[in-house]
Amino acid sequence: MKVRHIVLGLLSISVIAPIFLYTDRVGSFVNPSSSRRDFLDDVSAFTVSGDTRHLNVLHQETSAALKEPIGVVYSDNSTVTREHKSARVLSATDEERQQQQLSNPIRQVIDRAPPGLTTALDSHPNASDISEHSDNKHDRLTEPADAQVRHLKDQLIRAKLYLSLPAIKNNPHVTRELRLRVKEVTRALGDATKDSDLPKNAVDKLKAMDQSLEKGKQIQDDCAAVVKKLRAMLHSSEEQLRVHKKQTMFLTQLTAKTLPKGLHCLPLRLTTEYYTLNSSQQNFPNQQKLEDPRLYHYALFSDNILAAAVVVNSTISHAKHPSDHVFHIVTDRLNYAAMRMWFLSNPPGKATIQVQNIEEFTWLNSSYSPVLKQLGSPSMIDYYFRAHRASSDSNLKFRNPKYLSILNHLRFYLPEIFPKLNKVLFLDDDIVVQKDLTGLWSLDLKGNVNGAVETCGESFHRFDRYLNFSNPLISKNFDPHACGWAYGMNIFDLAEWRRQSITEVYHRWQRLNRDRQLWKLGTLPPGLITFWKRTYSLDKSWHVLGLGYNPNVNQREINRAAVIHYNGNLKPWLEIGIPKYKIYWAKYVDYETVYLRECNINP
């Protein structure tokens, strides 16, 4: 019995005493009055044979450098566990880190390097001084769909880096092996953009390359050479990127200006057919409706037959009363016969069509219109066609030939074109109508002339992005932060236009801008000026823009929009158009029409 009591006593001491000591020490952490630094000093020192010395295996650090243990929760189906990645995390102080970054040339390069070059740095023998990497794949909650593709690309960069270094060049065996691996990885990578595109042996190639790179890593230990080469690679990559951006901009602009073969064939085919008709067959029905102000009138100025057809077809498809809608189409002399033939052979239901030739507007001449005089000036021709200007990519978007067409500026002469109408809805030829638009005619514009959707959700759609506010004429009259608005679908009150003499306002500013010092070419900048404080803001759902340049337009906004606009270079009738947006446009084109088949125009 005594033995039993003695054993129990010793057991209680061995169990309870450590707990008491531990809780007492924990209490010193919790209690603000206890010194945490004293405890850390006690732990960092130990006594052997009466000699007190500090632990020198690890770099000494202050108590401020201690962090709480990192708890990570892992979930495996229904099993959830919690573990500590480390009992404590050692980290350098902020001052030490800054000093390390300043004294480490590789760190300076990696901060500037693109993502593809960083792996080459991390793989260097001394890369552990730069950054910390975890080899535990379970630390990643989600694996990117292109993880292996990116790894292979990084391997190629590392291999090319090693092959350019003297230590590797002096080792024929490693050089030969690395070159072989580069060929294998390049072949396996191909044009893959995600891991599912890679061949089955890609993983084997990746592992083989890793082994070869490891050999190169052991041979090369000259950090200065690595840094020098990486800086050269970085500079070369930046220069190539600049050149490619410039080439892309030029080719995109060129493609946007170039008429596809099918769209060139179509007007020729239609024109030939038009002149085979007798005079009575060349007339449109319901011409008595053209000046009836009680009807819904649309103004469409275009030399693109197929684009104009889509605008008319999409509008009529959603109109509640198609017979009350009148479309006034103005085109140039070259496309006049073809445009008429298209709508004669493809009438838009009960709607009324009028096709006019801009050459018939005898009142529109250089003595009346300042912009017409400017478009024919030698300086303007020099701006567009002199070869030495082509090197200026900043002016490339403004040197589009569409700005030389008076069709683009007819929107400022609506009261002269429609003298008996009170309201007109102006439509661009790169839009698609998705809802009935008759509600726009009943809107109260509150004394304004122009009803439009504002586009100031982004900073680059404000006035200072279109007008030259370094010129006192602009800075004194306009607010640089004022919201811009969109052309493409605008309801114009022509009665108010005439009352406020808006055309004269436009002419005055065009004369002031004869040397293009107030704004560059185009119709939006003079529109912003002409309708300054005369524009009524429409709800954004009336007009959604960006389908001609932005692949990330909100899908909900597209679905809700009454009109979607393909503003930008990526028009839906061009091959460079954004595929997922082409369907909205293509469904209003009847590709079975004989003229489209003959010209090989397909979806």
Side-chain angles (χ1 to χ4, degrees), residues 290-293 295-304 308 311 326-336 339 353-377 380 401-431 440-441 445 448-452 485-514 518-519 521-532 534-536:
L290 297 180
E291 296 181 345
D292 188 345
L295 303 179
Y296 305 110
H297 294 265
Y298 301 83
L300 175 60
F301 309 140
S302 175
D303 57 1
N304 189 325
V311 174
V326 182
F327 293 88
H328 304 268
I329 301 173
V330 181
T331 189
D332 56 19
R333 180 176 56 186
L334 291 176
N335 293 281
Y336 173 69
M339 189 76 75
I353 290 287
Q354 179 189 31
V355 177
Q356 294 176 280
N357 183 356
I358 193 173
E359 303 288 339
E360 297 172 358
F361 299 158
T362 55
W363 50 267
L364 188 60
N365 50 60
S366 57
S367 61
Y368 174 67
S369 171
V371 70
L372 195 60
K373 184 177 181 179
Q374 292 169 14
L375 291 177
S377 66
M380 189 72 71
K402 73 177 184 178
Y403 297 133
L404 283 175
S405 173
I406 190 61
L407 280 175
N408 205 41
H409 297 267
L410 274 185
R411 63 194 70 190
F412 294 103
Y413 297 100
L414 294 176
E416 287 82 357
I417 300 172
F418 310 112
K420 296 185 178 181
L421 300 182
N422 296 323
K423 275 191 177 182
V424 166
L425 183 64
F426 169 78
L427 298 176
D428 266 340
D429 64 359
D430 56 351
I431 63 101
L440 290 167
W441 274 264
L445 299 184
N448 292 291
V449 177
N450 173 29
W485 45 265
Y487 265 129
M489 190 219 68
N490 307 77
I491 183 72
F492 287 107
D493 186 334
L494 301 187
E496 197 65 33
W497 185 313
R498 298 182 188 99
R499 192 182 69 81
Q500 298 186 32
S501 302
I502 298 300
T503 303
E504 274 306 311
V505 175
Y506 169 68
H507 282 173
R508 179 167 64 87
W509 282 102
Q510 279 289 359
R511 284 190 286 266
L512 292 172
N513 192 50
R514 60 182 176 272
L518 305 184
W519 68 85
L521 300 178
T523 54
L524 183 55
L528 297 176
I529 288 177
T530 302
F531 299 106
W532 168 247
R534 301 180 179 95
T535 298
Y536 177 81

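Positions are given from 1 along the sequence. All values reported here derive from a predicted model rather than from experimental measurement.
- Each side-chain hydrogen bond (donor to acceptor under 3.5 Å, both in side chains) pair with one or both residues in residues 357-366, not counting sequence neighbours, appears once here: N365-S367.
- The aromatic rings of H328 and H297 lie parallel to each other, with less than 30° between the two planes, well short of the 60° mark.
- The ring of W441 has its center closer than 6.0 angstrom to the ring center of Y298.
- Considering all non-hydrogen atoms of both residues, R514 and R511 come closest at NH1-O, 3.0 Å.
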Discussion item. Evaluate I529 against W519 for side-chain contact (heavy atoms from CB on, under 4.5 Å), listing each step before the verdict.
Written reply: CA-CA 10 Å; I529 288 177; W519 68 85; 3.5 Å; yes
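- Every residue meeting the side chain to side chain donor-acceptor pair (under 3.5 Å) condition with D292, not counting sequence neighbours, appears here in chain and number order: R294.
- In this structure, CG on L372 lies 4.5 Å from CD1 on I406, to the nearest 0.5 angstrom.
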Practice prompt. List the steps and the verdict of side-chain contact (heavy atoms from CB on, under 4.5 Å) for L364 and L410.
Written response: CA-CA 9 Å; L364 188 60; L410 274 185; 3.6 Å; yes
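- Considering OH of Y413 and OH of Y506, their distance stands at 5.0 Å, rounded to 0.5 Å.
- Scanning both residues, N448 and T535, for their nearest heavy atoms gives OD1-N, 3.4 Å.
- A search for side chain to side chain donor-acceptor pair (under 3.5 Å) contacts involving E496 returns R499, Q500, not counting sequence neighbours.
- Closest approach of V424 and L494 over heavy atoms only: CG2-CD1, 3.6 Å.
- Residues passing the salt bridge (charged side-chain N to carboxylate O under 4.0 Å, His left out) test with E416, sequence neighbours excluded: none.
- Note that OG of S302 and CE of M339 are 5.0 Å apart. Values are rounded to the nearest 0.5 Å.
- D428 meets the salt bridge (charged side-chain N to carboxylate O under 4.0 Å, His left out) test with R411; sequence neighbours excluded.
- In this pair, Y368 and H507 present their aromatic rings perpendicular. The plane angle is above 60°, beyond the 30 to 60° band.
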Worksheet entry | Stepwise side-chain contact (heavy atoms from CB on, under 4.5 Å) check, L425 with Y296 | CA-CA 8 Å; L425 183 64; Y296 305 110; over 6 Å; no
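- D429 is linked by a salt bridge (charged side-chain N to carboxylate O under 4.0 Å, His left out) to nothing, counting only residues two or more places apart in sequence or in another chain.
- From Q374, atom CD reaches atom CG of N513 across 6.5 Å, with rounding to the nearest 0.5 Å.
- Put simply, CG on D303 and CD1 on I329 are 12.5 Å apart, with the number rounded to the nearest 0.5 Å.
- When all heavy atoms of G488 and I431 are compared, the closest pair comes out as O-CG2, 4.0 Å.
- For the residue pair A452 and N490, the shortest heavy atom distance occurs at CB-ND2, 3.4 Å.
- Taking all atoms of both residues into account, the shortest heavy-atom contact from L524 to W485 is CD1-O, 3.5 Å.
- Y536 has its side chain out of reach of I491: every pair of non-hydrogen atoms, C-beta onward, lies at least 4.5 Å apart.
- Going from atom CG of D493 over to atom CD1 of I502 covers 10.5 Å, rounded to the nearest 0.5 Å.
- Exactly one of F418, F492, F412 qualifies for a ring pair (Phe, Tyr, Trp, His ring centres under 6.0 Å) with W497. That residue is F492.
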Worksheet item: Does the pair R333 and I358 meet the rule for a side-chain contact (heavy atoms from CB on, under 4.5 Å), with working shown?
Response: CA-CA 7 Å; R333 180 176 56 186; I358 193 173; over 6 Å; no
